[in-house]
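Inspection log for the structure reproduced underneath, given as structure tokens.
Ligands are counted one by one from 1 in listed order, and the atoms in each one are counted from 1 as well.
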Amino acid sequence: MALKNDIKKTLLSEKEIKEICKKLGKQITKDYKKENDLLLLGLLKGCHPFISDLAREIDLPLEITYMDASSYEGTKSTGTVKINYDADINVNNRNVLIVEDIVDTGLTLQKVINLLKARSPKSIKIVSLLNKPCNRIKELKIDYIGKEIPNEFAVGYGLDYNQKYRNLNFIGVLKEEIYSK
Ligand code: IMP
Ligand code: MG
């Protein structure tokens, strides 16, 4: 059965995602033009389609590195954040732009930001494709946001439910029966 049959409704279509990447890429290009340095730091695994599309909309020389920090099991934040993989590029004195799929409680980003700040980057900013502000525990300034969404569990375009649905080319909400399986 087609993967998209498990989806109840679409939050962002493939076309809308493309437009968001274009818009964010244009703004980031403008903002970092004078800096002569940009390091994209993607948070795995959810960031991968987004960082790939976004990076190609940024018309500047840049480098890409990744970190893997996890806080979720199923659809609930566990409240503790684990660093599974650390960046392979030194962030010291670099303009770091963290690339995130979605910000929910803010716990993951807060932990990552604290860790990175201790390594003395020149600057740290955040770009997130989605923002779910209603569950926020940690106040965070997200510098670039693709779209704000209500308190629903999103899947697709990198976002997973129990490691699945990352390969959908749009973002949607799962049918209730999928969770009760
Ligand atoms: P936070 O620490 O609660 O802000 O959660 C951040 C991480 O949890 C995100 O990077 C996602 O990987 C995951 N997450 C949060 N909300 C969702 C969702 O609606 N769908 C899929 N993953 C989510
Ligand atoms: Mg994530």
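Which parts of ligand 1 touch D101 is read off a 4.0 Å heavy-atom cut-off, strictly below it: atoms 9 (C), 10 (O), 11 (C), 12 (O). The contact set between ligand 1 and D160, taken as ligand atoms under 4.0 Å from a residue heavy atom, comprises 21 (C). Atom numbering of ligand 1 starts at 1 in the shown order; those under 4.0 Å from a heavy atom of E152 are 19 (O). Interface of L159 with ligand 1, defined as ligand atoms under 4.0 Å from a residue heavy atom, comprises 21 (C), 22 (N). The T108 neighbourhood of ligand 1 comprises atoms 1 (P), 2 (O), 5 (O), 6 (C), with distances under 4.0 Å to a heavy atom of that residue. Which parts of ligand 1 touch K132 is read off a 4.0 Å heavy-atom cut-off, strictly below it: atoms 16 (N), 17 (C), 18 (C), 19 (O). Near G106, meaning under 4.0 Å from any of its heavy atoms, are these atoms of ligand 1: 1 (P), 3 (O), 4 (O).
Annotation: the span from D104 atom CG to F153 atom CZ amounts to 8.5 Å, rounded to 0.5 Å. If you take CD1 on I102 and CG on L129, they are separated by 8.5 Å, rounding to the nearest 0.5 Å.
Between L174, T105, L140, it is T105 that holds the heavy atom closest to atom 3 (O) of ligand 1.
Residue contacts with ligand 1: E100 is placed with a nitrogen or oxygen under 3.5 Å of a nitrogen or oxygen of the ligand (distance criterion only). Polar contact with ligand 1: absent for V155 (N/O pair, distance under 3.5 Å).
E57 and K23 are not joined by a salt bridge, as no carboxylate oxygen comes within less than 4.0 angstrom of a charged side-chain nitrogen.
None of D160, V155, L159 except one satisfies the side chain to side chain contact (heavy atoms under 4.5 Å, CB included) rule with R166; the exception is D160.
Taking 4.5 Å as the limit, some side-chain heavy atom of L116 sits within range of a side-chain heavy atom of M67.
Side-chain polar atoms of Y144 and D31 form a donor-acceptor pair below 3.5 angstrom. A donor-acceptor pair shorter than 3.5 Å cannot be found between the side chains of Y32 and N95.
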